Amino acid sequence: MLHRTFFIQKEAVFMKYKDTLNLGKTKFPMRGSLPKTEPERQAKWYQNNLYQQRLTQNETKPHFNLHDGPPYANGNIHLGHALNKITKDIIVRYKNMTGYYAPYVPGWDTHGLPIEQQLTKAGYDRKSMPKAQWRNLAKDYALEQVDKQREDFKRLGVLGDWEHPYLTLQPEFEAAQLRVFGKMAGKGYIYKGAKPVYWSWSSESALAEAEIEYHDIDSTSLFYANRVKDGKGLLDDDTYFVVWTTTPFTVTASRGITLGPDFEYSVVQPAGEKRKFVVATELLPQVAPKFGWDAWETLATYKGQELDKITAYHPWDPEAEELVMNADHVTLDSGTGLVHTAPGFGEDDYNVGSKYHLPIIVTVDEKGYMTAEAGPEFEGKFYDDITGLVINKLQDANLFLAKEKITHSYPFDWRTKKPIIWRAVPQWFASVEKFRQEILDQLDKVNFYPGWGKKRLYNMIRDRGDWVISRQRVWGVPLPIFYAEDGTAIVDEQIINHVAQLFEEHGSNYWFEHSAKELLPAGYTNEHSPNGEFTKEEDIMDVWFDSGSSWNGVLRQRPQLDYPADLYLEGSDQYRGWFNSSLITSVASYGQAPYKNLLSQGFTLDGKGNKMSKSLGNTISPLEVADQMGIEILRLWTITVDTSQDMPVSKEILKQVSESYRKVRNTLRFLLANTSDFNYEQDKVSFADRQAHDQYFTVLLNDFVKEIRASYDNYQFNDIFKRLINFVNVDLSAFYLDIAKDVVYVEAPTSPQRRSMQTVFYETLLALTKLLLPVLPHTAEEVWEYLPNETSDFAYLSEMPVVQDLGDTSAMMADWQAFMKMRTAVNKALEDAREAELIGKNAEAAVTLYLTQEQKDVLTRLGLNARLLLMVSQLDLKDASQADEASRDYDGLQVTVSHARGKVSPRDRMYHEDLGADSAFPELSKHEAEIVREFYPAAVSEGFE
RNA sequence: GGGCCUGUAGCUCAGCUGGUUAGAGCACUGUGUUGAUAACGCAGGGGUCACAGGUUCGAGUCCUGUCAGGCCCA
């Protein structure tokens, strides 16, 4: 047996030329099988507590705190979530690898209407159970959603403190939120008012937009006149404003007439009329026939703004007055250009009314019946049944002009299918007006990415009204407000903090499970409650107040976090949302913005630039991408696009991204394969001792590191992609790695030329792996497993490459630029020769260059091996004056290409004129023979096959 | 209707303060290799810079308007 084995081995020793080459070797696969390997790799991260390990390693470093904006805990994650979380992960990973302690605490927004709706859908009836029970159901549902989304976010490769997220329903969060509310209350920013909401009389409840559906209905619209009371010298008191309404019952609460400031209004006297009427000039021809006006005389015209603050009489109520106002919502589409305005019954009406300080009159009760305030003849009647009565009243006063049936879209309660009305109900407000300038001043100190974000947020804060913070709902944080016996509201910071303490210990359900007395501090008295009786507010807070308090609920709670945060990063819809509410509460409480930097992202669109929606069927699920292509592809996609704007995504686009991924992956593989016999610590060659082309590439790499880091620092992620792909394709693949084969494969394993190049290979590999890690963590970690000399267990535990000081390389690089132009010229010449079938591959060519003095100087100064860099077998350099007819000019370089002289070596596949110089190796060049003799002595005795 | 933003090759993006024939990578075509091989090299084709006016000696780059698209309001 032994003999036999020996015999076989001996026969196998018979060498091939290939065996004397250093062909690259690696098991790093060309294809990543990402959908399969990513989850395994992620499991490893969590088994090894990678997130915490990195933080522990950074414990003493300066903090960088990205504060997570809480996604809503409902539904499957979509591309927007993925983009947001991935970008955050990129930033956090980068910061942790560049000298910062950068924790990431994910959060969820867990209160609010959509969750209540899910319960309703699931068949629960809110009104059939106590509030606390309903809230427990909501809580269970929210926690389930959090668990589901958490798993999905982890699948994106996002590293964070997933075991300790913040949830807006956590008692400590709710307590912190109440304390923010308390601070604002203490400063007098919280007040009670009234505001119209969608009111469903059929379910006796306020509704949200989501609970409304629209149907076409027929309504009776009325035209009637309001007699001028104080015409401010412009209008006589026998002049009448002609107004229009589609909701006759609201005339009972009419307090104003709204005009368009820039529209022209005519004062006209119809033929046979003593009275004068004001109508928008443009609409006069349309409305006159309705009023039976055949002819009229125009007495004057005014702009809407000129008539501002003139007053008129209410049609029948002597106590009331109608104020002329101006607002942009008035249109000339229909009516008269003068809009009857009842601030208690419409949003536009409310808005313009509050600007002019009109009272808010509500003449309909919660069941839809007119109140006493509407007047004795209306009281107790259903709002929709009084149109005839209103017409009668107007006719009695000789103010009625016309009625008209109109068909229009009208909101309905989606559950009861009954129409709804706008109706003002008591609401709690947070004043913005009182400290608007302070907010704007603090906003000015924030850095915005992109810069226009500042303008956008600034305009919103500048133009927004006070914040309605109450909601007539159940699933949320209760408003910690009490009422005394006479109805006086008790909004007291100390009491609020007392309630906060209770919430911190018991959770906010405590509010619903206990009486006002139990919730108030022991022994609390108030002059408005002589009998010591109190009631509590039943409304809850707007969920934007929840998330808007996260700087207090999270940043100021957790020791590893900081307030203000270094960075908030969300979609551009959050200028209205979280960016906005967080800013208000933070400035109100502590006089500063909760963030130093604000980064906003656009929305994902389909391949055609249209919005993604389920109904259009153009959505792409991030989890599907993960399962089909790998999450690395989606992560890479996030840096191919300009995230400051809206971003197109489609299967085709992702396909293109995956091609880029493969290119990067293959390049890493090539570098791995050709450094597998290289030990950086032992074999590295110093910059000064490197070959000219290796020095050149070292500089390219150094510039690359510098630029990529700058792009990370400035959150310019698509610059990273551009630069990366260019570096990999142009600098590495098409140039350096291409010429490298003639060195790395062919030269002696330990030769200085080879070691010089391997040094640069290794540095490149290491730098690329680290620089890519924030974007492609799975791939980077995979590469890391093939780098036995790197001691840390994970690539993520290593530090980003730093920019080296290589001295002044500008002159050298200018020369290289000149040489690379010459190389391009030679490539064209070679291509022509190939087309002429003079050569096949470059190695079959002998090239002669006829150089100008300047070109010669470049080559001399660089001291490079031009033949190697041009990848030809022979290169002859001559003076430009020697150029003959055979040569051709390529972009200023005279070139002649001919077939290479001599014979081709089977080993390096180049042509040589000295084959067989070493008689032992008749087919090898002298240089090759030396290598083989020294490193493969067996070949001398055995020969080649 | 308002605030903010976008519209450059098939795709994703560069084009700074206006100045020679508008760039890159991918994709595409041709071709060479077969020692990065379900890979790699080389060369090449491809754009009325959304449209229409205007300012200027000169505009993708400034101004106005139109169209298309997005977010947030109304």
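By convention in this document, chain letters (A, B, ...) are assigned in the order of the sequence lines, proteins followed by strands, and residues within each chain are numbered from 1. Quick caveat, the model's predicted, so the values are computed rather than measured.
No salt bridge links D677(A) with K25(A); every basic N to acidic carboxylate O contact stays at or beyond 4.0 Å. Using a cut-off of 4.0 Å between Lys/Arg side-chain N and Asp/Glu carboxylate O, K27(A) and E785(A) are scored as not salt-bridged. A salt bridge links K454(A) with D444(A): the distance from a Lys NZ or Arg NE/NH1/NH2 to an Asp or Glu carboxylate oxygen falls below 4.0 Å.
Between N842(A) and the phosphate of G41(B), there is no side-chain N or O to OP1/OP2 separation shorter than 4.0 Å. Look at K455(A) and you'll find a side-chain N or O under 4.0 angstrom from OP1 or OP2 of C5(B). Within the 4.0 Å cut-off from OP1 or OP2 of G2(B), not a single side-chain nitrogen or oxygen of R576(A) is found.
Ring planes of Y736(A) and F761(A): perpendicular class, angle over 60° (limits at 30 and 60°). Note on ring orientation: taking the six-membered ring where Trp is involved, the planes of Y575(A) and W452(A) are tilted (angle from 30° to 60°). F727(A) and F704(A) have parallel rings, their planes meeting at less than 30° on a 0 to 90° scale where 60° marks the start of perpendicular. Classification of the Y17(A)-F944(A) ring pair by plane angle, with boundaries at 30° and 60°, yields parallel. Note: Y350(A) and F429(A) have parallel aromatic rings, judged against thresholds of 30 and 60 degrees for the angle between ring planes.
Atom P of nucleotide C71(B) and atom CH2 of W452(A) are separated by 13 Å, given to the nearest angstrom. Between the P atom of C71(B) and the CE atom of M647(A) lies a distance of 11 Å, rounded to the nearest Å. Distance, N718(A) CG to G25(B) C1': 13 Å, rounded to whole Å. Between M460(A) atom CE and G3(B) atom P the separation is 12 Å, expressed in whole Å. Atoms CE (M910(A)) and P (U33(B)) sit 14 Å apart, rounded to a whole Å. In this structure, the CZ atom of R834(A) is 12 Å from the P atom of G44(B), given to the nearest Å. Distance CG (L634(A)) to P (U12(B)): 16 Å, rounded to an integer number of Å. Atoms CG (L21(A)) and P (A36(B)) sit 11 Å apart, rounded to a whole Å.
Rounded to a whole angstrom, the distance from the P atom of U21(B) to that of G10(B) is 22 Å. Rounded to the nearest Å, the gap between the P atom of U64(B) and that of A22(B) is 27 Å. Taking the P atoms as reference points, U33(B) lies 32 Å from G23(B), given to the whole Å. Taking the C1' atoms as reference points, G60(B) lies 8 Å from G15(B), given to the whole Å. For the P atoms, the distance linking G32(B) with C16(B) amounts to 42 Å, nearest Å. Rounded to a whole angstrom, the distance from the C1' atom of A24(B) to that of C49(B) is 16 Å. With both ends at atom P, the span from C13(B) to U56(B) equals 36 Å, rounded to whole Å. Going from the C1' atom of A68(B) to that of C62(B) covers 23 Å, rounded to whole Å.
Across all strands shown, N666(A) has heavy atoms under 4.0 Å from base atoms, whether or not it also approaches the sugar-phosphate. At the heavy-atom level, V728(A) lies nowhere under 4.0 Å from the strands shown. Within 4.0 Å (heavy atoms only), P648(A) reaches sugar-phosphate atoms of the nucleic acid but no base atom. At a threshold of 4.0 angstrom between heavy atoms, the contacts of Y575(A) with the nucleic acid are absent. Residue G602(A) is out of contact with every strand shown, counting any heavy-atom pair closer than 4.0 Å. Here D719(A) lies out of heavy-atom contact (under 4.0 Å) with every strand. In this structure, E652(A) reaches neither bases nor backbone, as no heavy-atom distance under 4.0 Å exists between it and the strands shown. Among the heavy atoms of the strands lying under 4.0 Å from S733(A) is at least one base atom, whether or not backbone atoms are also near. Note on A673(A): nothing from the nucleic acid sits closer than 4.0 angstrom, heavy atoms only. Residue contacts for S660(A): at a heavy-atom cut-off of 4.0 Å it reaches no nucleic acid atom on any strand shown. Among the heavy atoms of the strands, none lies under 4.0 Å from P29(A). K663(A) comes within contact range of the sugar-phosphate backbone alone, with a heavy-atom separation under 4.0 Å but no base atom that close. Counting non-hydrogen atoms under 4.0 angstrom, R907(A) reaches a base of the nucleic acid. Nucleic acid contact for G609(A): sugar-phosphate only, since backbone atoms but no base atoms lie under 4.0 Å from a heavy atom of the residue.
Relative to the side chain of E831(A), the nucleotides A43(B), U33(B), C40(B) differ in distance, and A43(B) lies closest. Across U33(B), G41(B), A36(B), the shortest atom-to-atom separation from the side chain of A734(A) is found for G41(B). Comparing U12(B), G35(B), G70(B) against the side chain of L605(A) picks out G70(B) as the nearest. Comparing G70(B), C72(B), A14(B) by their nearest atom to the side chain of K722(A) picks out A14(B). Nearest nucleotide to the side chain of K611(A), out of G70(B), G25(B), C11(B): G70(B). Among the nucleotides A36(B), C42(B), G3(B), the one closest to any side-chain atom of N827(A) is C42(B). Taking every side-chain heavy atom of F603(A) into account, C71(B) is the closest of G25(B), A27(B), C71(B). Nearest nucleotide to the E844(A) side chain, out of G44(B), U33(B), C71(B): U33(B). Side chain of Q656(A), nearest nucleotide from C40(B), G70(B), G10(B): G10(B). Out of C71(B), U12(B), U33(B), the shortest distance to the side chain of R456(A) is found at C71(B).
T675(A) places no side-chain N or O within donor-acceptor distance of the main-chain N or O of F678(A), the cut-off being under 3.5 Å.
The partner of U64(B) is A52(B), by the rule that a Watson-Crick or G-U pair needs both atom distances under 3.5 Å. Judged by Watson-Crick or G-U wobble contacts below 3.5 Å, the nucleotide U17(B) has no partner. For G44(B), the paired nucleotide is C28(B), the pair qualifying as Watson-Crick or G-U wobble because both relevant distances are below 3.5 Å. Using Watson-Crick or G-U wobble geometry with both donor-acceptor distances under 3.5 Å, G1(B) finds its partner in C73(B).
Other residues, nucleotides and ligands place more than 12 heavy atoms under 6.0 Å from the CD atom of Q628(A).
Two residues, R909(A) and Q645(A), neighbour RNA chain B, and the one matched to the more 5' nucleotide by heavy-atom proximity is Q645(A). In this structure, D642(A) and F670(A) both approach RNA chain B, and ranking their closest nucleotides by distance from the 5' end singles out D642(A).
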